[in-house]
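Keep in mind that the numbers below use all heavy atoms, side chains included, and drop hydrogens, waters and symmetry copies. Throughout, numbering of the chain's residues begins at 1 and tracks the sequence.
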Amino acid sequence: MPVPRCSGPCGGVRPAALRRPRTGGAVCRSCFCNAFEAEVLSTLQTGRLLPPGAVVAVGASGGKDSTVLAHVLRALDARHGLALDLHLVAVDEGIGGYRDAALAAVRRQAGRWRLPLTVVAYADLFGGWTMDEVARRAAQEPGRARACCTFCGVLRRRALEEGAQRVGATHIVTGHNADDMAETVLMNFLRGDSGRLARGGTLGSPGEGGALPRCRPLQFASQKEIVLYAHFQELDYFSEECVYAPEAFRGHVRDLLKALEAARPSVVLDLVHSAERLALAPAARPPPPGACTRCGALSSRSLCQACALLDGLNRGRPRLAIGKGRKGLGEEGEKQSCTSKDSSGGPSRAGAIQAF
């Protein structure tokens, strides 16, 4: 069977290289890459995400999503005069045998693209805690290994915020794609978490309470197309899965989403758009956020989630601040000094959180 000609703007001059998952159209490599970049530009412009002159901290993990995001933003900036000042910000979670290789990929990207790179480490920010140490502490509680991704997600968000502030950023962008967002919507439905459902449908956060505005330019781009774009552009990225990922609840949701996508190919974007249109009854809406009494970060409780998680770690009860377990974090725990002793008699590791 002959290879079909491209149905894109080139007018069939070149043979098709793929059939786009989201449209079904047969397009060549060049037309696909141009269309992909144009769709990201449309997302930026429609959502008014990055104003001219913005100092942008690009969350760089070394993986395909953040690599494609940085590459596309550079291309759009050069081609359309967006006047963006791009900085790569990478987070070292302290995961042996995994993060070092990913950071090496980020450093190669920074050198190749001549972009400034800032690396912030959990160990420096959170008083010595690394993800490997968090995992060891969590493993002391039966059946608690799956909590690792909860800790990492909260602490990584805080670390990225700190890195962005260090480079003087006005905005933060992350490489979350449509598949990521659909998984998050499903996870929040399955958990019955109406507060996160209500916050999960926008293209980012406006930057309340002194936090920097965040956005997700790849929110409508499928994982398949991101991989194809990286392949056609010959981008160098790190593709290994995190050593703690197999224990995560998200993995089960990802399997469910794949099964749903096999039956209904549009399910990923359907879920993303459903979150955009979700409206909660007044009684179900989360309370307006305030400030953490310990570090001053935006929080709907007296302790933000990062401080609460670190408090649980230092008290030898890692699950204390996760989900319903947080109800056990009483006023005594919330007022506990960051310089107090942990359960093993050693100094607390949460002191650095006061810097935020």
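- Across Asn177 and Ala221, no two heavy atoms sit closer than the pair CB-O, 3.3 Å.
- Between the side chain of Ser42 and the backbone N or O of Glu39, no donor-acceptor pair lies under 3.5 Å.
- Nearest heavy atoms, Val106 versus Ala90: CG1-CB, 4.2 Å.
- In this structure, Leu44 CG and Leu50 CG are separated by 5.5 Å, a value rounded to the nearest 0.5 Å.
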- Taking it one step at a time, do Cys242 and Ile95 satisfy side chain to side chain contact (heavy atoms under 4.5 Å, CB included)? CA-CA 8 Å; Cys242 175; Ile95 303 174; 3.8 Å; yes

- Task: Before giving the answer on side chain to side chain contact (heavy atoms under 4.5 Å, CB included), spell out for Val120 and Arg166 the whole-Å C-alpha distance, their side-chain angles and the decisive distance to 0.1 Å.
- Result: CA-CA 10 Å; Val120 290; Arg166 288 184 184 181; 3.5 Å; yes

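- You'll find the side chain of Thr43 stays beyond 4.5 Å of the side chain of Gln219, heavy atoms only.
- Between Asp236 and Arg112 there is a salt bridge, since at least one side-chain N of the basic residue sits less than 4.0 Å from a carboxylate O of the acidic one.
- Nearest heavy-atom pair, Ala182 versus Leu257, reported as atom, atom and distance to 0.1 Å: CB-CD2, 3.9 Å.
- Using a 4.5 Å heavy-atom threshold, the side chains of Leu86 and Trp113 count as separate.
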- Starting from the C-alpha separation in whole Å, work towards a yes-or-no answer on side chain to side chain contact (heavy atoms under 4.5 Å, CB included) for Glu93 and Val134. CA-CA 10 Å; Glu93 303 94 340; Val134 170; over 6 Å; no

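- Ser266 places no side-chain N or O within 3.5 Å of a backbone atom of Asp270 that could act as its donor or acceptor partner.
- Residue His231 qualifies as open at atom NE2: its count of foreign heavy atoms under 6.0 Å is 12 or below.
- Closest approach of Tyr244 and Met131 over heavy atoms only: OH-O, 4.0 Å.
- Between Val3 and Ala16, the shortest heavy-atom distance links the atoms CG1-O, 3.5 Å.
- Inter-residue side-chain proximity for Ile226 and Asp179 is flagged as unmet; no heavy-atom pair is nearer than 4.5 Å.
- No chain of hydrophobic side-chain contacts below 4.5 Å, direct or via other Ile, Leu, Val, Met, Phe, Trp or Tyr residues, connects Val72 to Val227.
- Annotation: the span from Thr46 atom OG1 to Leu41 atom CG amounts to 8.5 Å, rounded to 0.5 Å.
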Only distances under 3.5 Å count here; give the side-chain donor-acceptor pairs of residues 52-64 to other protein atoms, sequence neighbours excluded, each with its distance to 0.1 Å.
from, atom 1, to, atom 2, distance (Å)
Ser61, OG, Gly63, N, 3.2
Ser61, OG, Ser66, OG, 3.3
Lys64, NZ, Gln223, OE1, 3.4

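- Each of Val13 and Leu18 belongs to its own hydrophobic cluster when Ile, Leu, Val, Met, Phe, Trp and Tyr are linked at side-chain heavy-atom distances under 4.5 angstrom.
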- Message: Would Leu313 and Phe126 count as a side chain to side chain contact (heavy atoms under 4.5 Å, CB included) here? Give the steps.
- Response: CA-CA 11 Å; Leu313 285 168; Phe126 306 125; over 6 Å; no

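- At a cut-off of 3.5 Å, with distance as the only test, a side-chain donor of Thr184 or Arg250 sits close to an acceptor on the other residue.
- Between the side chains of Thr67 and Gln109, a donor-acceptor pair is found at a separation under 3.5 Å.
- With rounding to the nearest 0.5 angstrom, the CG atom of Leu269 is 9.0 Å from the CD atom of Glu261.
- Taking CG of Leu309 as the reference point, atom OG1 of Thr150 lies at 8.0 Å (rounded to 0.5 Å).
- Proximity of Val272 to Val185: side-chain heavy atoms (C-beta onward) are nowhere separated by under 4.5 Å.
- Residues satisfying the side chain to side chain contact (heavy atoms under 4.5 Å, CB included) criterion with Arg136, sequence neighbours excluded, are Asp132, Glu133.
- A donor-acceptor pair is defined here as one N or O able to donate and one able to accept, closer than 3.5 Å; such a pair exists between the side chain of Arg19 and the backbone of Gly24.
- In this structure a side-chain-to-backbone donor-acceptor pair under 3.5 Å is present from Thr293 to Ser302.
- Val253 meets the side chain to side chain contact (heavy atoms under 4.5 Å, CB included) test with Glu183, Leu186, Met187, Leu190, Phe249; sequence neighbours excluded.
- The closest side-chain heavy-atom distance from Asp311 to Arg294 is below 4.5 Å.
- Contacts of Arg157 classified as salt bridge (charged side-chain N to carboxylate O under 4.0 Å, His left out), with partners at least two apart in sequence or in another chain: none.
- Inter-residue side-chain proximity for Glu161 and Arg214 is flagged as met; some heavy-atom pair is nearer than 4.5 Å.
- Of the possible polar contacts, none joining the Asp77 side chain to the Leu73 backbone as a donor-acceptor pair under 3.5 Å is found.
- Distance check: Leu218 CG to Met181 CE gives 11.5 Å after rounding to the nearest 0.5 Å.
- Between the CG atom in Leu310 and the CG atom in Leu155 there is a gap of 5.5 Å [rounded to 0.5 Å].
- In this structure Arg5 satisfies the side chain to side chain donor-acceptor pair (under 3.5 Å) test with no other residue, sequence neighbours excluded.
- Scanning all heavy atoms of the two residues, the minimum distance from Tyr122 to Ala159 falls at CE1-CB, 4.1 Å.
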With a 3.5 Å cut-off and sequence neighbours excluded, list the donor-acceptor pairs that the side chains of residues 25-37 form with protein atoms.
from, atom 1, to, atom 2, distance (Å)
Arg29, NE, Phe232, O, 3.2
Arg29, NH2, Phe232, O, 2.3
Asn34, ND2, Ser30, O, 3.3
Glu37, OE1, Arg79, NH1, 2.7
Glu37, OE1, Arg79, NH2, 3.1
Glu37, OE2, Tyr229, OH, 2.5

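- Tyr98 has its side chain out of reach of Glu241: every pair of non-hydrogen atoms, C-beta onward, lies at least 4.5 Å apart.
- Side-chain atoms of Tyr237 never come within 3.5 Å of backbone atoms of Val68 as a donor-acceptor pair (strictly under, hydrogens ignored).
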